[in-house]
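Shown next, in structure tokens, is the structure this report addresses.
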Amino acid sequence: MKNRVNVGNIRKIIHFFDLLRVLVDRDMKLLYKRSSLGIAWTLISPLLQLAVFSFVFRSVIPINVSKFSSFAFSGLLIWTWSQTALFKSTALITNNRALIRQPNFPTEILPLVTTTTGLIHFLLALPVLIIFLAVDGVRPSYVLLILPLLMLIQFVLTVSFAYPLAALNVTFRDTQHTLGVLLQMFFYLTPIFYDLSSVPQAYRAFYQLNPMVPLMQAYRDVLLRGIQPDWVALLIVSAVVAALFPIGLGIFRRQSDRFVEEL
């Protein structure tokens, strides 16, 4: 009996990941459909932003940040992954009526699809970041082995926020517009193109309330500085993620079930 249950669970897991692969592939194709540059846009957008930042914060308002190109580009890639996934997640329930109405369709997979698509774009841009690091004289270190752990934490963190945002949009259709404003605000309140050390001491506690701040610091410790990240800060972020994930998933399931009943 236990063997049958185990086999059944294994089949469900295999089916879930196979469905995830198919939906991610669909998203990637739809995203670049009829686009002449295709997936190259993954790099074009952050590189153009980097060019603007480099001009503004080197020539107009100089910022004392060493290895600025690598510093800013890494911040842009990290932020863009979560920002794009969260922004798209708001309409996941309302824009996928056909899928949600299918019997036994696991609606909780939808935020995973959006976040996985963002992860793929992040991974595709990593080689360019490595080139920037090499040009800036950053040597590879054993701490790069910590990078997959940081990506896992960011993945679950993004999904944990994506679930309630998608649920909220079912009853409050201005969620996406409101989120766009909030994300733009947090873009400047996150040390993407400036270092946390330049923030006045009185405001640093406020900055630490943003889970992306210690996460971004950890990325840069590993990628740019070649040192161990602040494990205490990462542990706190991981604890927050562990608490948010089941709460967000529960909210998402209730709202998606209610949405299906109203169809």
Side-chain angles (χ1 to χ4, degrees), residues 16-17 19-35 37-46 48-49 75-102 105-126 151-188 190 192 210-212 215-216 241 244-245 247-249 251-256 259-260:
F16 186 88
F17 280 99
L19 181 60
L20 178 64
R21 178 188 60 79
V22 171
L23 292 175
V24 169
D25 183 61
R26 183 202 67 166
D27 265 21
M28 294 291 288
K29 289 178 179 178
L30 288 175
L31 187 61
Y32 299 111
K33 186 178 181 181
R34 296 180 181 177
S35 173
L37 294 176
I39 207 165
W41 284 110
T42 303
L43 298 174
I44 293 173
S45 180
L48 287 176
Q49 284 182 288
L76 284 170
L77 294 184
I78 296 162
W79 176 260
T80 301
W81 172 13
S82 291
Q83 179 190 44
T84 305
L86 290 176
F87 189 75
K88 290 183 177 179
S89 69
T90 55
L92 286 176
I93 295 178
T94 54
N95 287 357
N96 287 280
R97 290 179 172 85
L99 285 175
I100 293 175
R101 293 174 68 177
Q102 296 297 318
F105 178 79
T107 55
E108 61 270 14
I109 201 174
L110 293 174
L112 295 175
V113 172
T114 303
T115 308
T116 302
T117 303
L119 172 60
I120 292 172
H121 287 133
F122 179 82
L123 293 173
L124 289 172
L126 266 183
M151 289 189 288
L152 176 62
I153 295 173
Q154 184 177 358
F155 185 96
V156 183
L157 175 66
T158 304
V159 172
S160 298
F161 282 109
Y163 278 132
L165 287 171
L168 182 62
N169 192 60
V170 174
T171 53
F172 183 59
R173 296 301 172 91
D174 287 333
T175 300
Q176 193 172 58
H177 302 293
T178 305
L179 180 65
V181 175
L182 290 175
L183 288 174
Q184 187 66 30
M185 180 181 71
F186 276 101
F187 175 82
Y188 293 103
T190 304
I192 296 171
N210 177 1
M212 286 298 294
L215 191 57
M216 191 164 292
V241 168
L244 287 177
F245 184 83
I247 295 172
L249 179 58
I251 295 171
F252 179 86
R253 282 175 172 169
R254 284 195 297 271
Q255 281 293 79
S256 59
F259 185 73
V260 171

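- Gln176 places no side-chain N or O within donor-acceptor distance of the main-chain N or O of Asn169, the cut-off being under 3.5 Å.
- Taking all atoms of both residues into account, the shortest heavy-atom contact from Ala166 to Ile93 is O-CD1, 3.7 Å.
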Query raised in the report: Given Arg21 and Val24, is the side-chain contact (heavy atoms from CB on, under 4.5 Å) satisfied, shown in steps?
Result: CA-CA 5 Å; Arg21 178 188 60 79; Val24 169; 5.9 Å; no
Query raised in the report: Do Arg101 and Phe105 pass the side-chain contact (heavy atoms from CB on, under 4.5 Å) test, and can you show the C-alpha distance, the side-chain angles, and the key distance before you say yes or no?
Result: CA-CA 8 Å; Arg101 293 174 68 177; Phe105 178 79; over 6 Å; no
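- Under the salt bridge (Lys or Arg N to Asp or Glu O under 4.0 Å) criterion, Arg253 pairs with Glu108, not counting sequence neighbours.
- Trp81 and Leu119 make their closest contact through NE1-N, 3.3 Å (heavy atoms, listed as atom of the first residue, atom of the second, distance).
- Under the 30°/60° scheme for interplanar angles, the aromatic rings of Phe245 and Tyr163 are found to stand perpendicular.
- The salt bridge (Lys or Arg N to Asp or Glu O under 4.0 Å) test applied to Arg26 returns no partner, not counting sequence neighbours.
- In this structure, Leu215 CG and Leu157 CG are separated by 7.0 Å, a value rounded to the nearest 0.5 Å.
- Of all heavy-atom pairs spanning Pro111 and Val159, the tightest one is O-CG2, 4.3 Å.
- Thr90 contributes a side-chain N or O that, together with a main-chain N or O of Phe87, makes up a donor-acceptor pair within less than 3.5 Å.
- The local environment of CZ in Phe186 is sparse, with at most 12 non-hydrogen atoms from other residues, nucleotides or ligands closer than 6.0 Å.
- Under a cut-off of 6.0 angstrom, the local environment of CZ in Phe17 is sparse, with at most 12 non-hydrogen atoms contributed by other residues, nucleotides or ligands.
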